[in-house]
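What follows is a short report on a single structure.
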There are 2 protein chains.
Amino acid sequence: MAITENTEITEAITDAEWAVMRIVWTLGEADSHTIIDLVSQQHVWKAATIKTLIGRLVKKGALATTKNGRQFIYTPLIPEQTAMDTALTSQLDQMCAMCRGQAFVNAIDQTELSQTDIQELITHLQEKLTTAPTTITCDCLPEGYEGSC
Amino acid sequence: MAITENTEITEAITDAEWAVMRIVWTLGEADSHTIIDLVSQQHVWKAATIKTLIGRLVKKGALATTKNGRQFIYTPLIPEQTAMDTALTSQLDQMCAMCRGQAFVNAIDQTELSQTDIQELITHLQEKLTTAPTTITCDCLPEGYEGSC
DNA sequence: ACTTTACGTTTACAGATGTAAACTCTAATC
DNA sequence: GATTAGAGTTTACATCTGTAAACGTAAAGT
């Protein structure tokens with residue numbers, strides 16, 4: 001019965017917490033010393049600050065702990081890709097539906113992508129094109145109003 | 001000398017404030033009565049709450065005011081598309097560079113896009129493909145460490 | 001066994017954010 | 001001109017975030 005409950009992650013991961021999660025996601029697992037060491041090289045944060053972030057992430061169910069002698073080994077409880085999707089999607093969801101396409105264009109323009117990524121995106125988009133609507137309506141105004149931004 | 005200073009917007013627009021901005025962006029300009037009326041139909045917020053949001057947006061330079069009798073007309077000081085780009089980009093910037101491509105794939109899968117948007121995206125991606133690197137390196141660990149997530 | 005580390009926990013505290021009531025005027029109404 | 005209503009401003013307050021010191025305790029060293 002050592003399996004961790006699959007408690008749904010309710011709270012979102014904050015900006016500062018992302019830095020900690022990225023280390024753990026990349027290493028797969030890490031003790032606090034490692035996390036503090038690596039994060040310290042990327043941010044001007046005191047060890048105490050990073051400890052707080054780790055603690056909050058454990059509390060909100062983003063990191064699991066396994067006792068290992070005097071210390072803990074931390075492992076991610078949510079997949080990195082899931083967290084990224086959630087973050088991006090909730091951001092997009094609060095933006096005008098009509099403008100999201102343009103937002104993607106601009107974001108993609110400013111993001112370095114590998115050939116493989118680009119090709120996969122193109123494939124997905126070509127597939128998506130077959131069932132895409134002609135237009136997307138602006139949803140910035142309440143039900144019953146017509147708008148366009 | 002009635003021109004508003006082009007003060008750079010420093011503070012980001014918060015989630016709740018987005019709701020107000022979307023109304024003003026869509027209408028081009030609006031008085032508080034209109035904003036409160038429309039936002040009230042989308043969120044269970046008291047008029048006082050929406051007033052606060054308007055006030056904060058003015059204070060942080062996202063909305064301009066023009067006196068019109070006893071009241072104000074509010075107009076956006078930052079373009080919607082700019083705000084969207086900034087929000088998306090800052091979100092993406094804190095994520096692993098290597099995983100951003102997949103994040104786009106997933107986000108696009110879950111977003112309704114028009115045929116025109118999709119075609120524009122494909123065009124941009126095809127262009128981007130010509131200069132794209134073979135791979136993007138994971139940048140989750142500090143300088144000098146090799147990682148991959 | 002005693003001391004020193006160092007890991008995790010508690011406490012702290014300012015500023016941001018969500019949410020809203022109270023208050024102050026000025027413009028509109030009687 | 002006195003009154004009222006509605007627009008904007010102030011104040012309020014709990015929670016979340018960023019940032020960190022202080023503390024308790026068990027493991028490690030001597």
Side-chain angles (χ1 to χ4, degrees), chain A residues 9-24 29-75 83 86-87 90-91 93-94, chain B residues 9-24 29-75 83 86-87 90-91 93-94:
Chain A
I9 301 89
T10 35
E11 290 126 311
I13 292 167
T14 71
D15 288 352
E17 288 163 2
W18 266 89
V20 171
M21 288 306 292
R22 286 180 66 180
I23 297 295
V24 186
E29 57 169 55
D31 55 29
S32 73
H33 173 268
T34 306
I35 297 175
I36 291 172
D37 178 29
L38 295 178
V39 173
S40 294
Q41 292 179 54
Q42 303 172 305
H43 298 85
V44 205
W45 293 338
K46 299 292 159 63
T49 301
I50 302 168
K51 284 185 192 181
T52 300
L53 296 174
I54 294 174
R56 288 182 183 165
L57 285 166
V58 171
K59 187 175 191 181
K60 69 172 61 165
L63 287 180
T65 56
T66 311
K67 195 133 220 154
N68 175 245
R70 41 43 219 330
Q71 62 183 48
F72 284 149
I73 304 290
Y74 298 94
T75 43
T86 302
S90 40
Q91 190 71 247
D93 280 350
Q94 88 186 330
Chain B
I9 302 89
T10 35
E11 289 126 313
I13 293 167
T14 72
D15 288 352
E17 288 164 2
W18 265 88
V20 171
M21 289 305 293
R22 286 180 65 180
I23 298 295
V24 185
E29 57 169 57
D31 55 29
S32 73
H33 173 270
T34 306
I35 297 174
I36 290 171
D37 178 30
L38 296 178
V39 173
S40 294
Q41 291 177 56
Q42 303 173 304
H43 298 84
V44 205
W45 293 338
K46 299 290 158 64
T49 301
I50 302 168
K51 283 186 191 181
T52 299
L53 296 174
I54 294 174
R56 288 182 183 166
L57 285 165
V58 171
K59 187 176 192 181
K60 68 172 61 167
L63 288 179
T65 56
T66 311
K67 194 135 222 152
N68 175 246
R70 39 50 220 324
Q71 60 184 48
F72 285 149
I73 303 290
Y74 298 94
T75 44
T86 302
S90 39
Q91 190 72 245
D93 280 351
Q94 89 187 329

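The figures here come from the full heavy-atom set of this structure, side chains too, leaving out hydrogens, waters and symmetry mates. Owing to the predicted nature of the structure, the values given are computational and were not obtained by experimental measurement.
Protein atom CG of A:Leu57 is 13 Å distant from nucleotide atom P of C:dT9, rounded to whole Å. A:Arg56 places its CZ atom 17 Å from the P atom of C:dG8, with the value rounded to the nearest Å. In this structure, CD1 of A:Ile54 is placed 16 Å from P of C:dA6, rounded to the nearest angstrom. Straight-line distance from the NZ atom of B:Lys51 to the P atom of C:dT17: 22 Å, rounded to whole Å. Following rounding to the nearest Å, A:Leu53 (CG) and C:dT9 (C1') show an atom-to-atom distance of 15 Å. The interatomic distance linking A:Leu63 (CG) with C:dG8 (C1') rounds to 14 Å, in whole Å. Between the CD1 atom of B:Ile36 and the C1' atom of C:dT19 there is a distance of 14 Å, rounded to whole Å. What separates CD1 of B:Ile50 from C1' of C:dT19 is a distance of 11 Å, to the nearest Å.
Read 5' to 3', the first and last nucleotides of DNA chain D with an atom closer than 4.0 Å to a heavy atom of chain B are D:dA7 to D:dA12.
When each of A:Arg70 and A:Lys46 is assigned the nucleotide of DNA chain D with its nearest heavy atom, A:Lys46 is the one assigned upstream, toward the 5' end.
Taken from CD in B:Glu17 to CG in B:Leu57, the straight-line distance is 4.5 Å, to the nearest 0.5 Å. One finds the CG atom of B:Asp93 at 10.5 Å from the OG1 atom of B:Thr86 (value rounded to the nearest 0.5 Å).
Counting non-hydrogen atoms under 4.0 angstrom, A:Thr49 reaches a base of the nucleic acid. Using a 4.0 Å heavy-atom distance criterion, A:Asp15 is classed as a sugar-phosphate-only contact.
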Evaluate the criterion salt bridge (charged side-chain N to carboxylate O under 4.0 Å, His left out) for residue pair A:Arg56 and A:Glu11; output intermediate values, then yes/no. CA-CA 10 Å; A:Arg56 288 182 183 165; A:Glu11 290 126 311; over 6 Å; no
Under 3.5 Å, which donor-acceptor pairs link side chains of residues 61-70 of chain A to any protein atom two or more places apart or in another chain?
none

Show me the side-chain donor-acceptor pairs of residues 39-50 of chain B shorter than 3.5 Å, one per line, residues at least two apart or across chains.
from	atom 1	to	atom 2	distance (Å)
B:Ser40	OG	B:Ile36	O	2.6
B:Gln41	NE2	A:Tyr145	OH	3.4
B:Gln41	NE2	B:Asp37	OD1	3.4
B:Gln42	NE2	A:Cys140	O	2.8

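Donor-acceptor pairing under 3.5 Å is recorded for the side chains of B:Asp31 and B:Thr34.
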